[in-house]
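Below: one structure, written as structure tokens.
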Amino acid sequence: IARRTPLSSSQWEELQVLLLEGDLGPELAEQSLENLKASLERDATLEMALANLRAILLSLLPADEGLRLVNPPAAILFVGVNGTGKTTSIAKLAHSMREQGRRPLLVGADTFRAAAGEQLQQWATRLGLPFIGHEIGGDPSAVVFDAMEMAASRGLDPVLIDTAGRQHTTHNLMEELKKIKRVLGKKKAGEPQEVLLVLDANAGMNAIAQAQVFHETLGVTGLILAKFDSPARAGFLFSIARQWQLPTKFVGVGEKAENIRPFSAVEFLDQFLS
Amino acid sequence: NLSQRFQDIIKKLTGKGKLSVEDVDAALKEVRIALLAADVHLSAVKAFSQNVREKAVAREILESLTPGQQVVKVVRDELTEMLGPGTGGITVSSYPNSLMLVGLQGSGKTTTCAKLARIFKKKGKSVLLVGLDLKRPAALDQLKYLAKQEGIPCFAEQGAGAQATTQKAQEYFRAHHFDLAILDTAGRLHTDSDLMAEVKAVQDTFRPAESILVLDATTGHVALSVAEEFKRWLDYDSIILTKMDGDARGGAALSCRYVTAKPIRYFGIGEKTDDLEPFYAERLASRILG
Ligand SMILES: Nc1nc2c(ncn2[C@@H]2O[C@H](COP(=O)(O)OP(=O)(O)OP(=O)(O)O)[C@@H](O)[C@H]2O)c(=O)[nH]1
Ligand SMILES: Nc1nc2c(ncn2[C@@H]2O[C@H](COP(=O)(O)OP(=O)(O)OP(=O)(O)O)[C@@H](O)[C@H]2O)c(=O)[nH]1
Ligand SMILES: [Mg+2]
Ligand SMILES: [Mg+2]
């Protein structure tokens, strides 16, 4: 094989290491390198290979897109497995929305975990934004219902809904999310306008399984890649994009309110291949 | 699907009467793919594959009556050994003492502190939960809530700096003659030297019996550098692998074992305070192999 391919075998090895250590996964890594081999001339250099690889990976990602919100108050539902950064991402987005002149409402619909409501409420206080939540043990669907009423009566928009972390493998918890979505749709047609799945950039292949189940259950409209200030390269994003064309809308890059930015496929690619 | 590929290779191997070195190498390629799909770091995969190959191409394996089964056994045994020691749990040899939990953001430290506190309370020890996450909104509220739920005292004060709070916590721990302090620390990136230095200072103050790296079972390749850096700064003593109630294969645990050889104590298997299970190497080996 080394004689038939343009690059040296140690250079192919280097590329393989680059992809695998970036959590692209063995299947997509093998496929990408096969496509790359097919795309190269006999005299191709490592530089050309990297340029082609960049194009191959870029073609897997959907076009950059932001939030698609119409008819206020627009509800955005934040979901994901435990500890990925949902609550913090809501706070960050709310902060940037307020900077843009919007009047977001923070909704504490995680009525399960210890101090979850307090956590989002403290963020709201810190940011000077309105918050609604219920007692721990309350029905999250009831919180959501009240939140839409509050938003309509006070002219708040968008409505950012925090939910409890949950494993996608726990059926009744996924059913609970379906119910929250149904309640939103009944309260106001077309809601939620966005269902954002928050993924931890430190994750490996399990992020793909998470995306599959949350998407099949709810219809995910976009991803948030949190904790991308970690050296982890989040290569699973390529598999998720290839299989379900889910756009990453935002990237979290730290724990402060301003540490969020719109996703750029080109910037993400640069970082992935660096 | 990858685990099906691996199952097919196993079937082929165990069905064969005679095995060549080529057969073993073909099987090992599938094992490597399975391990990568399970989030084991590439370096650990290569080392593991090399260890297994040396054992698997031995004459007595290839010429045995059931060489295929022998090779599969070598793979399982080698993985179990690399993940070992075999069983978990934490033993504190003398009191008063402390345990310190550290790790990346959101890995499950605060919840695991409460789980461990429950275990030691059941053993008859007087436990003090100590909240040292002064940054995350409502982190102290979270620990206080869990402590109250378990009927365990909690030191959780906001308002002073990290160093002053650590000192105050230790004074409180000593003054009230508790057996065991369980220290909850803020999540941090292994690449943040200020925060790593901060948690090193906590370790220097309390000198805990165990500094425990709390690692999310979904962690990917970054687990290797996490293990290396936490070892470099703290020389942590052990690992707890959380969120094993999901379907993450947990290969990150092997990556950590490969670079630091620190024992894994427990699996976190849920959000409740009794959702902690002693580590079993064989169980994790089966899960990683898929
Ligand atoms: N470094 C870094 N940390 C982050 C980022 N986003 C969130 N975090 C931290 O990750 C931890 C978990 O964040 P949360 O917002 O509580 O996560 P969650 O998904 O709401 O967690 P659960 O509700 O318990 O499932 C906190 O310590 C956050 O400060 C990020 O972009 N970078
Ligand atoms: N399913 C499941 N969830 C867990 C487990 N351990 C912790 N969690 C959940 O994971 C999320 C994060 O847990 P925390 O205890 O807040 O994590 P942490 O490491 O203290 O987070 P930071 O302090 O922000 O770094 C919460 O939703 C917990 O309920 C586990 O073993 N299984
Ligand atoms: Mg939350
Ligand atoms: Mg915590």
E99(A) CD: over 12 foreign heavy atoms closer than 6.0 Å: yes

Stepwise side-chain contact (heavy atoms from CB on, under 4.5 Å) test for E21(A) and H41(B): CA-CA 7 Å; E21(A) 291 192 354; H41(B) 193 284; 3.4 Å; yes

Region of [X] in contact with chain B, defined by heavy-atom distances below 4.5 Å:
X	value
F112(A)	side chain
I136(A)	side chain
Q121(A)	neither
R113(A)	side chain
A203(A)	both

Donor-acceptor pair, side chain of N206(A) and main chain of T218(B), under 3.5 angstrom: no

Donor-acceptor contact below 3.5 Å, side chain N202(A) vs main chain T219(B): no

From CA spacing to verdict: side-chain contact (heavy atoms from CB on, under 4.5 Å), L104(B), S230(A): CA-CA 9 Å; L104(B) 297 184; S230(A) 164; 5.6 Å; no

Please classify the contact between [X] and chain A as side chain, backbone, both or neither, with a heavy-atom cut-off of under 4.5 Å.
X	result
Q142(B)	both
L36(B)	both
K135(B)	both
K46(B)	side chain
L140(B)	neither
R32(B)	neither

Rounded distance [0.5 Å steps], OG in S107(B) versus CG in D200(A): 9.5 Å

Rounded distance (nearest 0.5 Å) linking atom CD1 of I33(B) with atom CD of E27(A): 9.0 Å

Contact leader toward chain A among A248(B), S225(B), A139(B), A217(B), where contacts are heavy-atom pairs under 4.5 Å: A248(B)

Top of V222(B), T242(B), D245(B) for chain A proximity - count of heavy-atom pairs under 4.5 angstrom: V222(B)

For a quick test of reading the model, state the closest non-hydrogen atom pair linking [X] to [Y] and the distance between them.
X	Y	result
H221(B)	L20(A)	CE1-O, 3.1 Å
R126(A)	P137(B)	NH2-CG, 3.7 Å
T169(A)	G246(B)	OG1-CA, 3.5 Å

Positions in residues 190-198 of chain B that reach chain A, provided some heavy atom is under 4.5 Å away: H190(B), T191(B)

Indicate yes or no: at least one non-hydrogen side-chain atom of [X] is less than 4.5 angstrom from one of [Y].
X	Y	result
E118(A)	Y145(B)	no
E255(A)	Q105(B)	yes
L42(B)	V17(A)	yes
V81(A)	K243(B)	no

Residue selection (most heavy-atom pairs with chain B, distance under 4.5 Å) from Q16(A), R166(A), K227(A): K227(A)

D141(B) and Q119(A) side chains, donor-acceptor separation under 3.5 Å: no

